[in-house]
Amino acid sequence: MFSADQSCWFVRKVICWRAVASMAWSVLLLLPTTALFVVLSRFSLFHPILWISECLSLLTSTSAIFSFILLCGVVLLVGFFNLEYCTVVPSIACSKIALLGQVLHPRQFVHSLVHCIMGVVVAWCCAFTIGGRYRSLGHPCTQDESSSGPEMCLNEYHLVLLLVGAFIGYSHSLVGVVYNMNYVSFHTMQQYKYLRFKGALPLVVKASAVQALYCLRNFLLLYFFMGYAPRAWICRTLDLNINSSIHSLDSVSSLLDLSLLYHLWISGTFLLLTWYITVLLFRIFVTEVYSFPVQSTFTEESHQCLPKVITGMQPMILKFLALQDLALLSQHSPSRRLEVFSLSQPGGHPHIWTALSKECLSLLSDLTERLVAHHDTVATNGRAKSQSTGSNKRSTTSSESSVGMDDMKTPRPSALIRTPGSVFLRSSGLRTPLTTPFTPDQDSPFSSPALRRLTGPLEPQGPLSPGFSSIQSPHVMRRGPKLWSASTDSQLNGSPSPGPATSLSQAQLKPSFLVTFLQNRKDQVKQFLAKRVLIMYLFNKLPEASSQALFADSQVHIWALQGLSHLVAASFSEDQYGIVQTTLPTILSTMLVLQEAVDRHFKLPHTSSKPGHCSCGMGDDSYKTLRFALRSTLKTAVYRITATFGGHLHAVQMSAEHRKRLQHFLEYKE
Amino acid sequence: MMCSLALFPPPLSGDGETSQYDESSTDPSVWFGDSPALNLYFPRESLKPHSRPESSSKSAFRDHCETLYTRSAGAWRDAGLSGLLNEIANSSAEVPKWLGVSSSCVLALLRWVSSFHSSLFPHLTLSSEEMTAEFSQVLDWSDCAVRSFAWHPHTQKCAVALSDDSIKIYNPKSATTPTLKHRLQRSVAALQWKPLCASALAVACHNCLLVWHVDPTSLSTRPSSGCAQVLSHPGHSPVTSVAWSPNGPLLVSASPRDTAMLVWDVAVESCVPLHRVGGGGVTHLSWSPDGSRVLAATPSSLFRVWETRMWTCERWPSLKGRCQTGCWSPDGSRLLFSVQGETVIYALTFTDNPGVPLMMSGGPKAATVVADLSETTLNTPGGDITVGGEIQSLAWDPRGERLAALVKGDAGAGRPAMIAVFKTQISPAFKLLPCGFVQGEAGTEPRLMQFNPNYQHGAQLTVCWSNGKITHVPFCFMSAGNPQPGLGGSPSLPLSQGRPANYNNQTLYTELIS
């Protein structure tokens, strides 16, 4: 995936170094964390001197250094997994079954397995550090009088600790999927890395302690009921005996041993803390602002300049950082703004401004299209009567929205933003390669209004039931359970959301007899399945998920809006050649059309109008609120332009409807 | 020499509303164009007294015996750990003896520690109401009918917070005056409209921040509480100051009990606490009009100036008292502030580029005294008048031509509170010239003032008086350095044309006076 030279330099020169730096810091921070763990795990109130001297001797022993090296290896591996799995666009599961699919995906399975093993390793180090009864898996015991000599018995305390490690490792991986822990969000506020880390550290400590507590509770429940299985298995494989003179640990009385609980909890906290710190540092390092040169004097560096980088597709992080840089330069640095407004030396063309504005506008109009398509789907969903009006409305809106945007469309093979499943560095395994070839074909009929009108009449007379997904936009579909588009059984059982490819290609074909027959079958199967509660539970859409998925990558749009509006506002006094004025009508109409689409989206019944609150530890849930940020940024962006230009905007050419809308903004009535 | 009150023209002895040095004090209503003037009057009697003390509602209900568990849970919810301990210690009859004794011990320990803490920071012993009154920009906040006032930055619209915890929004162009009430909207300390937005109004309340979204086209006079976003953060109460970033979505809020200043992303309701050691809290915030810096005053003799690009701060520790108020010049290059216990106005000049961290740039090394407002006796035809005193609040008009200082009076010494107005000039050199005093009707004191940012003909100072009246005092002048009239209200417009390229620190004040 890195084969393209232009994106390669960034991953090689910047991202990798940032990842390495974050790993180095997490290894350095492992030292105080481990020391703290040693001190806390051996805590004894009544023998303070003994406690401290034991800690000191342990910390300086060679065996401690060995386990420390093991821990370092674990941390490095976690860091590597972060680099590999983290994404700037969250993958949002639209239904329970999609979530299940994500959890059971082979790629995720590898993640879980490795984290499980790493959990065991960390727990072994913890057991070694705590010492005492946890030190080793076997201990000599005399089983009964008949056997001669001491035998090896299973030390259940050690086993429980290892199992806790494995359990927490697995649940870390699982929770990571459910709460999108792999999602890397960008902050509105810029802060230095150290200060950001310092601010986040208390939260991380708290999150790891609380999470360890929950994990421990779940583990103890599990062990209480199923504890005999791993115990028997370990005994059989390692040829250990079970000491019958000691009670086994899966009883209420022995599990309520406070010292055991404390040690398990603190080990779990230590494990999660080291991993969370690694994740935190990775996030902080990788989202740091990167300042791209606006123009370069050397041609060999020209591919590293902002106008080139911003139009690039892969890797995703590069595009994000480029847009972030654009938003910041438009706000804060007059000198770089001047470069944007400058003309090319031979020829006198505003290449930089053209490239930047074109990219931003195409991002915005892309979002508009997506929103319009989604709105149409929802509006026509399940209501046969409104079908015709809906399609009418759609054609008007789409043709209207295409006014002034067609010329801004960059001729590029496939919009990267349209495939929001693509991950941070490379396209993920979650997006199976099957979907990729279909993507451009999917979008093409919908992106051009003419073709859409062609496909339009087919929809009502299509043999599918109204709720079926042929009338769902490919955008929504693709952002939904992506796994499905590849899985074959989805086409067999006719689940409510099969791959868009199948349904659409069928709709485009002439409805032959075979197809109708198959569709009827499908309908029957679907109706049958719809009556089963479990199936409905799994297949029902999660509330708000589709809305969240629509705006999953909206951070890009927010920056585009900020960058554009600040540049336009600055151009009022800084643009010497008037190059911004030529694009001003397009910018305004794009923003107003988007504003209309966003307003309509927020009026849909299933979208809440206020951001909800979620307090889940390390999982970053800021993707859930991106649409609110986008809405407010959009309004502010239009206001910024109208406040700067004021009455001059009356001289700008635009349609009557947009002028009316703009007048509302000029009078502060929006 | 600096500008002092002795140079001021004496105020008229009569009960004229204003006494201007050289400016016409015409009827303010004409300056609102064809719309009715916003001369508002809130007599204190018309406002229902603040009626929500829990004790009064408690007496209406019969005493009901709850179990210890319920009471403890309630105490934990209401007052945290100390409340819980207090509850347990008080109900010693129902709890085991060891629990009662140990909770009393822990409670005593907690009190001892907190007394130690509050001996460091005496303001922590105040109740929330007292704290708001102490650190508010309003003179005598608790007694004032108008608790806070805010002009919309772009359009003729204002919000008035009243002592009955309601907020009224006046718009001369519309007949409806929405009244905002919310369960959590208690003891409003500050209001501010969001820039580059028509509808959002931030309200600093007793224990939270409210952001109202008042649809300007709506005809409703009582917007529901669903229109308000509630932003709260544990430990962040009472909120005494809020400030919106002039060109962005960020909102900062301050509480004297919280050492952290919160930076809110209001759209997504998330906040980033900015902790710094020292100060014991944050009392007053002021965002510079160009958006590059924020002044954060603390209850102790320390204030900070934050730079908003990377959010680093500069400490200004060695003050005589706490920083009471501060205001920025329109280009964000100059900060004027006053200190409790002193009667002078200090100035700080920031000549660096915004965006460069303060530590690395040549920020100001020392504050300069630019005006002295100490007690002075002026001769008027009607007899001598004593004016001067500590400064309660400062306001600078958006064009940088007039500076108003609300001077605390002393009723016992026959020294009324007054507003002293200075003429200012920022470029090419900073000048501060005496202009005049603003007086109210006989027996009234100014409590609160703000410049109207949308006044086309000069500057207009809105003053809230102690009798509940709100009046607007116009200052008409030909603006010297404002080539683009009509755009003065736009905060995003870089006002760099008024800023000298290389500025000398020596000419902080003018030599022209006498």
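Chain A is the first sequence line, chain B the second, and so forth, proteins listed ahead of strands; every chain is numbered from 1.
- B/M310 contributes atom CE, which lies 8.5 Å from atom NZ of A/K193 (distance to the nearest 0.5 angstrom).
- Within a 6.0 Å sphere centred on CD of A/Q581, heavy atoms belonging to other residues, nucleotides or ligands number 12 at most.
- In this structure, B/A267 and A/A629 approach most closely via the heavy-atom pair CB-CA, 3.8 Å.
- Shortest non-hydrogen contact noted between A/T625 and B/V268 is O-CG1, 3.3 Å.
- For A/L195, the part lying under 4.5 angstrom from a heavy atom of chain B is the side chain only.
- A pairwise comparison of heavy atoms in B/A198 and A/Y668 identifies CB-O, 3.4 Å as the closest pair.
- Rounding to the nearest 0.5 Å gives a distance of 9.0 Å between CD of A/Q331 and OG1 of B/T308.
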Legend entry - Evaluation steps, side-chain contact (heavy atoms from CB on, under 4.5 Å), between B/L274 and A/Q191: CA-CA 10 Å; B/L274 292 174; A/Q191 269 183 290; 3.3 Å; yes
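- Test A/M189, A/R196, A/Q190 against B/W311 for side-chain contact (heavy atoms from CB on, under 4.5 Å) and you get one pass: A/M189.
- Atom CD of A/Q562 sits about 9.5 Å away from atom CG of B/N247, to the nearest 0.5 Å.
- Atom-to-atom distance recorded for B/L196:CG and A/T642:OG1 is 8.0 Å, nearest 0.5 angstrom.
- Counting only heavy atoms from C-beta outward, the side chains of A/S632 and B/K194 approach each other to under 4.5 Å.
- Contacts between A/T636 and chain B at a heavy-atom distance below 4.5 Å involve backbone atoms as well as side-chain atoms.
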